[in-house]
Amino acid sequence: MDASRAGHWQEAWAAAGLAHGRRVAGHRKFYALVAYPGPSGFLHVGHLRGFAYTDPLHRYHRMLGEEVLFPMGVHASGLPAVTWSRRLRDGDPAILQGLEERGVDASTRARLEDPEEAARFLGREYLRVFRRFGALIDESTFVTTVDDDYRAFIRWQFRALNEAGALVKGTHYSPVCPVCGPVAVDASETDLQSGGDADVVRFSTIPFPLEDGRVLLAATLRPETVYGVTNLWVAPGETLVVWHHESGNYLAARPGAERLVEQHGGRIGHEVPAHDLVGREVTVPFRGTKVPILETPVVDLSIGTGVVMSVPAHAPMDAAALDALPPADREKVGDPPVLIDVGPREAWTASEEELNVGEGSPAQRALRAVGVHDLADAAALQEATERLYRLEFVRGRMTVPSLSGVPVRLARERVVDQLRGEGPCFELQEFTKPVICRNGHAVVIRRVPDQWFLHYSDPAWKAETKSLAARVTTWPVEYGRELPSILDWFGDRPCTRRGVWLGTRFPLDPEWIIEPIADSTFYPAYFVVRRFVSEGRLRLEDLTDAFFEFVFRGREPGEPRVDRALLEEVRAEFLYWYPLDFNVGGKEHKRVHFPVFLYTHARLLPPELQPRGIYVHGWVTGPGGSKISKKETSTKAGRIRPTDQAMEEWGPDALRLYYVTVASPSQDFEFDPTGVEAALTRLGDIERLVREAAGTGEGPPELDAWLESATHTWVKRARGAFDATDLRTAAEIVYVEVPRLLRRYYARGGLPGHVTDRLARAWTLFLSPITPHLAEELGEGRFEGLVAQSRLPAPEEYRLSPDAEAREEFLDRVEDDLRSVLRASEGRGDWAPGEAIFYVADPWKRTLETWLRESVDRKETPTVRDVMARVKDHPELSAHRAEIPKYVERVGPLVRAEPVPEGPRIDEAATLRAAEAYLVRRFGFGSVAVYPESEAAPHDPKGRRDRARPGRPAFYLVGRPSPGP
RNA sequence: GCCGGGGUAGCCGAGCGGCCAAAGGCGGCAGACUCAAGAUCUGCUCUCGCAGGAGUACCCAGGUUCAAAUCCUGGCCCCGGCACCA
């Protein structure tokens, strides 16, 4: 098919209004959507994956005669569009090029510097791309989350949730860009320039008082090791600052002090050179002993507070730093106490064992195991630290008297509680690596008081949601198993933010903007209303709380301003499309979007209107399995194509087929252009086969009966696969098995005629869900209207012929046997098959096999003795008494592993004779002869006829001198 | 650590008790077509075998079963999530 024809068919579908979802009383409906994309850049082929599953499902249901609705919107909330428009303003070359390619003029471009306009523009752009991909999206549903009507809907949603007790207030720590406002730190780096893979670590601070009343504040991840402190570390030549907090004066490095101010308030005072502190002593909490302050270059000012408590027995870093000290300093530090025991050796894994060999403190052993020789060997030190921390966290128990036997993880909590009891103890949160926002500023973690939360920890709400989750069908099923535990740990989530974000003002406090995840949980319901808005039948001022309460929840009186008939029509429309059949999204939604989507539906709607299905797909990755983001689209030329380029190169159908067949939907896969090309080639084959199949004549009757019967079978299986939403199996049948079937029909001597024509007709229809453009191209002239709006055939339209199918299966088995013999003789240059003589099993063997089958079905092992006992009552077998034991011994074990024979009995000899010409052609035999086993003796020089079994004739291939090389 | 998913032929990736030496694709080999290349078509692609067979195989070690890539147990290793990112 000429790729340029795709656009032609897309226009034809549009002209026929195929995408427009209609409510037809008495008709079943199908309502599914793809979780809407965020407007963060231009799309690449990876973004099409969800549509490659969803659109075929819609098309399948349409071809069953159901009414379907496929909506789409854009999730403009948050920073993505803000960032994109800012980059545009700053002249980002990739964006400018993208706009130029799309023919955007200068005045439009200027308008896009407004983030909301940018979001709408990108949304339209996505719509164009999905349309070009062949997706039949109802464009009257198209909405962005920054449209005024959507905002009205969200305000209602939050008031409704509040009324339902779903909102609470509290305190919260959150990543914030000091300039741009709150950001999300995650691997997809939607809001970030870098650092999306950073973790948040939570240090505990431990106060070490100097004699003068000032306090050095050490930060640690292992507060329980305070019992093993031998000294404090500061960085040589650096400076600390005083952090004034309430009545305390704490010494810490500036970066840490700044974080403390963000998270706990207070202010930063004057500087104190670290050197002035070196050699002085501080008091260790709990123990009351004094330890010295020493210098080591290992201390990194940017981590924690820049003041480190030294625990040489358990921290490899400290042990190594201690060894590097001048002897005079070294002596000031006593022997480090060991605080933790890691239990019996038997429990260790090999790598744990390795960490524990030899003498010395745990830290010294770890240093040795990893091979750290030098304080400068940062990577090795890091490894030793991680391994030892892990081992002690998992297996360690405290040995200090006050915590004797307590597991490390519990001891950690107790020590922190104790510290709190004795005075101020601050938690200090920070990122494991620098996090830079989209606009280049360093992101910090800040305390947010009076934060609004969605009360997801509410036991009653959680229980309702879990009960919904148990009813929802998930693809893959594994996700359904995961859901309960995801919901279990789902706690309250902040749902409002401040900053330069796009979103809807929070109705209970307009100072705040609703957080992006929280405003996209119930939108499948809004699409239904949006159609009335975009058609001009509802105005913004009609969208009141009373209106939504009536439409979504049936609560009277409804909005009096809206005409009662219209009000009821919108309600009816909602009740028609709801519940949602599928929410389709990538695996990144498993822990955030899908759970909150369930939560919201569980709270706002009764069970019969709650969602029915969630479909999770994996990612399309770049080389090496990395996820690709939209911002990489234009920079990464090469394997990952921007959508338009891909569509020009291969057309939408090849891509669609590629996505459906390349891997299981839940798997990630690496995008591979050669795979798309293979799909394109396959479609070319199919196109040719369908065109060649046209005809009106008759083929050989047995073959025609077989092909028609086989068509019955594949139609049934294909429908079954689509019904089970198993697109992959459906595609395998339609795109692999059917062409193979047709080729075999021709190879067997069939000819294009009315049976192939009927097959091609059914085939064309079944090509439509996954490769709709090709289907239209092939259906042109063959069907009245568009293929996409035709009905799929039912299996019953094709007559079953069990006899014909059994004959072909029989022949297939014979060919397998012939091939395995011929393969063995392949290497022999001096031999080639001449005549093929077949020996068909005598009827008594069939009786015998029936008996063998019976004993296998009774879970018994067939024995010669049992069989011989039974022969007495069967005179027709007595004549073969001599052969029976050998046969039972040979065939008995085989029967068990074979499938239960089904289908009618056929005349094997006649079938072989009828296939003579085929066998001669296929295997190069000189001639073919067929004998019943009992008459074969004169023609059986090698004594092969004994091998004959029912359904598996014996044969002898008479050699002839090969023509030679 | 906890939760979830995995480890399948040269590679990607299906299969998840018996028609499994294991789909499909890529790569490789041979043949057809061609002046040739490419494209396309046909066949082959674990080892051995001059007869439909045998031997090894689906991370490792055990086990259940007449039968295990598939089920169970125990290892080893890998990936994702562990919170504010549709």
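Atoms CG (Leu483(A)) and P (G81(B)) sit 17 Å apart, rounded to a whole Å. Rounding to whole angstrom units, NZ of residue Lys590(A) and C1' of C82(B) are separated by 13 Å.
Atom name P, nucleotides G25(B) and A32(B): the rounded distance is 23 Å, in whole Å.
Residues His589(A) and Ile614(A) fail the side-chain proximity criterion, which asks for heavy atoms closer than 4.5 Å.
In this structure, Glu677(A) and Asp817(A) both approach RNA chain B, and ranking their closest nucleotides by distance from the 5' end singles out Glu677(A). Take the nearest nucleotide of RNA chain B for Glu482(A) and for Asp816(A): the residue whose nucleotide is more 5' is Glu482(A).
Ion pairing between a basic and an acidic side chain is recognised when a charged N comes within 4.0 Å of a carboxylate O; Glu515(A) and Arg493(A) show no such pairing. Under a 4.0 Å N-O distance rule, the pair Arg688(A)/Asp685(A) qualifies as a salt bridge.
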> Given Tyr526(A) and Tyr523(A), is the ring pair (Phe, Tyr, Trp, His ring centres under 6.0 Å) satisfied, shown in steps?
Replying inline: CA-CA 5 Å; Tyr526(A) 185 67; Tyr523(A) 65 92; 9.9 Å; no
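Nucleic acid contact for Thr661(A): none, since no nucleic acid atom lies under 4.0 Å from a heavy atom of the residue. Here Gly586(A) lies out of heavy-atom contact (under 4.0 Å) with every strand. Using a 4.0 Å heavy-atom cutoff across all strands shown, Ser77(A) reaches no nucleic acid atom at all. Among the protein residues, Glu732(A) comes within range of the nucleic acid bases, having at least one heavy atom under 4.0 Å from a base atom. At the heavy-atom level, Ser666(A) lies nowhere under 4.0 Å from the strands shown. Contacts of Arg922(A) with the nucleic acid, taken as non-hydrogen atoms under 4.0 Å apart, are absent. Residue contacts shown for Pro516(A) are limited to sugar-phosphate atoms, with no base heavy atom under 4.0 Å away. At the heavy-atom level, Arg952(A) lies nowhere under 4.0 Å from the strands shown.
Side-chain rings of Tyr126(A) and Phe142(A) stay apart, their centers remaining 6.0 Å or farther from each other.
Listed pair Thr681(A) / U40(B) meets the phosphate criterion, a side-chain N or O lying under 4.0 Å from OP1 or OP2.
Judged by distance alone, with hydrogens and angles left aside, Arg947(A) brings a side-chain donor or acceptor within reach of the base of G52(B), the pair sitting under 3.5 Å.
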